[in-house]
Amino acid sequence: MNIVEIIKKKRDKGELSDEEIRFFIKSVTEGGVPDYQTSALLMAVYLNGMTDGEISVLTDAMAGSGDKIDLSYIDGIKVDKHSSGGVGDKTTLVVAPMVAACGLPVAKMSGRGLGFSGGTIDKLEAIPGFRTSLTEEEFVTFIKRDGIALMGQTKNVAPADKKLYALRDVTGTVESIPLIAASIMSKKLACGSDSIVLDVKCGSGAFMKTFESAVLLAEKMERIGRANGRNVYALITDMDQPLGCAVGNALEVKEAIETLKGRGSEDFTELCYIISSFMLVAGEKAGDLNEAREMLMKSVDNGTALEKFRKFTKNQGGNPEIIENYSLLPQAPAVIDLKSPVRAAVSAIDGEVIGSAALTVKAGRLTKEDRIDHSTGFELFAKKGDNVEEGQTIAKIYAPDEQSAREAKERVFSAYSFDAQAKKEKILLGYIDREGLHID
Ligand code: URA
């Protein structure tokens with residue numbers, strides 16, 4: 001068996017055998033395939049897809065490419081969450097401390113930015129001193145003592161995904177149902193949780209642009225989870241514009257903290273409550289979604305959720321003073337306003353255009369070697385359905401210099417559409433569990 005034959009087979013729309021998929025993943029894990037051949041196969045999969053059988057073998061091979069995490073030291077049901085990725089998605093920064101404050105331990109491994117979307121680990125690294133690599137001992141200690149720890153994917157957990165993820169990020173091969181399903185589920189299966197809440201994003205700021213494709217991805221991931229004995233809730237949520245106000249690492253940290261203080265934007269706050277409620281129900285900490293929401297609201301009102309955030313920031317070496325003093329977060333050298341040229345309603349904000357504009361101010365990576373500028377990005381004050389006045393500041397641009405700030409401003413403006421009237425969309429479009437698709 002050789003890699004070129006496997007690439008050609010997929011290029012010609014063939015179905016790969018179990019042996020071929022396992023051989024490829026083993027070779028990638030061992031460093032035996034050059035990046036150009038791996039990228040070629042990723043592109044062939046992107047273009048020609050995979051059968052359900054191929055996806056489940058790929059997931060299994062990737063999950064088995066490294067160590068399995070044993071979470072048996074945590075009492076009760078272990079619940080994990082994962083997002084399929086989108087622009088301005090900082091939910092983990094809020095959801096993790098909220099559910100931990102309600103008594104559900106969170107032992108989470110998160111990823112870096114992918115394509116035009118951001119990643120939790122890059123966001124956490126905007127906090128001065130924050131360490132996203134922990135020893136296993138530290139991870140276990142923090143979870144046992146404080147019920148929360150967040151770290152990057154270690155070398156040993158699904159290492160095949162780590163390599164494929166980094167290559168997909170820079171080869172235009174992210175938006176593929178088989179590759180996303182296998183990437184997410186291989187990591188979830190390698191981490192020993194019993195239940196998994198998936199946030200499958202849908203719309204212009206997500207990899208799945210339509211409801212139908214998001215449902216397809218959600219169904220595949222739920223099925224893989226169920227076949228492996230996991231209880232999966234795959235929520236399909238609106239991402240037809242960036243989530244919340246902030247896009248960019250330090251700016252998103254600030255928005256997450258504001259949300260934990262009860263001052264978050266409407267769409268983002270609502271999504272955090274929804275995901276956290278499903279997690280509390282899955283973990284049997286709440287009898288139903290209403291009870292869960294009450295517990296979560298209390299954790300924000302009485303400050304325990306914010307205290308969890310403080311605790312885990314401090315545990316992991318981050319400066320907790322950022323919570324009271326945002327000027328301790330990285331500050332962008334150039335900041336300019338984008339003002340509305342019209343009195344109108346915002347009818348759309350193209351999420352992918354905003355996400356791509358964020359890459360031009362270095363809030364994400366264009367090549368594997370790129371270093372992120374944690375200070376840059378955008379704040380979007382006017383969202384879909386909002387009425388704006390002529391001359392009103394609708395966004396702020398944070399950039400490394402004046403020139404890129406001006407260029408980014410043009411791009412951000414091009415993402416906006418205006419109309420006489422526009423309405424807000426609801427955030428939860430439906431969810432899939434073992435009983436099938438539920439639409440609200
Ligand atoms: N998150 C992942 O871990 N992998 C993907 O492919 C997309 C989002």
Side-chain angles (χ1 to χ4, degrees), residues 25 28 38-39 41-43 45-46 49-50 54-56 58-63 65-66 69 80-93 95-96 108-124 132 150-155 157-191 193 196-203 205-209 213-214 216-222 224-225 230 232 234-237 239 242-243 271 275 351-352 355 364-365 368:
I25 292 301
V28 167
T38 307
S39 304
L41 185 54
L42 289 171
M43 185 56 84
V45 171
Y46 174 91
M50 278 185 146
E54 287 177 296
I55 299 174
S56 70
L58 180 65
T59 309
D60 186 60
M62 285 165 67
S65 64
I69 302 277
D80 201 351
K81 77 111 350 214
H82 205 94
S83 158
S84 65
V87 178
D89 186 355
K90 64 232 109 195
T91 32
T92 295
L93 302 187
V95 162
K108 175 137 177 62
M109 283 197 192
S110 291
R112 297 197 176 274
L114 188 63
F116 58 80
S117 79
T120 303
I121 290 303
D122 295 325
K123 293 169 207 206
L124 285 170
T132 52
L150 280 170
M151 65 185 286
Q153 190 182 346
T154 63
K155 268 210 302 295
V157 173
D161 174 65
K162 204 163 184 210
K163 292 191 177 175
L164 298 184
Y165 193 94
L167 276 179
R168 287 169 58 217
D169 186 26
V170 291
T171 55
T173 51
V174 172
E175 297 93 335
S176 149
I177 290 181
L179 296 179
I180 296 177
S183 165
I184 293 179
M185 293 311 290
S186 62
K187 285 177 292 216
K188 298 300 103 178
L189 298 183
C191 297
S193 52
I196 304 160
V197 176
L198 299 171
D199 182 12
V200 182
K201 305 280 183 203
C202 162
F207 301 129
M208 297 297 109
K209 302 294 184 205
S213 59
L216 212 59
L217 174 61
E219 276 172 354
K220 292 203 189 300
M221 292 197 288
E222 193 280 328
I224 293 171
R230 309 301 210 278
V232 178
L235 316 187
I236 297 144
T237 68
M239 232 304 154
L243 183 61
L271 181 65
I275 295 174
E352 184 165 350
R365 292 176 195 80
K368 264 200 319 180

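Both counts, for ligands and for their atoms, begin at 1 and track the order of listing. The residues of the chain are indexed from 1 along the displayed sequence.
- The contact shell of ligand 1, taken as protein residues with any non-hydrogen atom closer than 4.0 angstrom, comprises H82, S83, S84, L114, Y165, R168, I180, S183, I184, K187.
- When the options K108, K123, K81 are evaluated for a side chain to side chain donor-acceptor pair (under 3.5 Å) with T92, the one that passes is K81.
- For the pair S213 and K209, the minimum side-chain heavy-atom distance is 4.5 Å or more.
- Residues passing the side-chain contact (heavy atoms from CB on, under 4.5 Å) test with S56, sequence neighbours excluded: none.
- Considering only residues two or more places apart in sequence or on other chains, D169 meets the salt bridge (charged side-chain N to carboxylate O under 4.0 Å, His left out) condition with none of them.
- Taking the side-chain contact (heavy atoms from CB on, under 4.5 Å) definition, one finds that A182 meets it with L58, T59, M62, sequence neighbours left out.
- Of the options L217, D199, I236, a side-chain contact (heavy atoms from CB on, under 4.5 Å) to S84 is made by L217 and by none of the others.
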